[in-house]
Amino acid sequence: MRRTILTLASFAALMAAMAPTAQAQPAPDRYCLQGRIWGYPGNCQFATYQQCQASASGTSAYCGINPRYAFAQQRYY
């Protein structure tokens, strides 16, 4: 009985060590493409500033942070 419990505990520890850890991913709507044709808050589908800049390139649009994140209440833990 003791050997079975030790085997199961070892197996559980091994599986926990091999499990992929969660990596911080940028939010998919962190930046917004804004301008005359987009209005406010604009087209908010960009995870990185570089993605937004690439879409704004050659147009009169610009990139800004999504107001949902800019004015979000800070969480203190």
Side-chain angles (χ1 to χ4, degrees):
M1 180 69 172
R2 189 178 291 178
R3 179 180 271 183
T4 304
I5 292 173
L6 183 60
T7 303
L8 289 175
S10 298
F11 181 72
L14 179 64
M15 293 306 291
M18 291 178 56
T21 58
Q23 296 179 354
Q25 299 279 333
D29 60 347
R30 180 70 62 170
Y31 295 96
C32 298
L33 184 63
Q34 299 170 337
R36 181 175 291 169
I37 62 172
W38 294 106
Y40 185 82
N43 181 4
C44 299
Q45 67 177 11
F46 303 99
T48 65
Y49 189 73
Q50 288 78 17
Q51 289 174 344
C52 185
Q53 284 288 35
S55 294
S57 178
T59 67
S60 62
Y62 59 94
C63 296
I65 193 161
N66 189 337
R68 190 169 119 200
Y69 295 103
F71 302 112
Q73 186 175 10
Q74 296 292 320
R75 294 182 184 175
Y76 298 102
Y77 294 100

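When every heavy atom of Leu33 is checked against every heavy atom of Ala61, the shortest pair comes out as CD1-CB, 3.7 Å. Between Cys32 and Pro41, the closest heavy-atom pair is CB-O, 3.3 Å.
The SG atom of Cys63 sits 14.5 Å away from the CZ atom of Arg30 when rounded to the nearest 0.5 Å. Of the inter-residue distances, the one linking Gln45 atom CD with Asn43 atom CG reads 4.0 Å to the nearest 0.5 angstrom.
Of the candidates Phe46, Tyr49, Tyr62, Tyr49 is the only one forming a ring pair (Phe, Tyr, Trp, His ring centres under 6.0 Å) with Tyr31.
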* Let me see the working for Asp29 and Tyr69 under side-chain contact (heavy atoms from CB on, under 4.5 Å), right down to the final yes or no. => CA-CA 9 Å; Asp29 60 347; Tyr69 295 103; 2.7 Å; yes

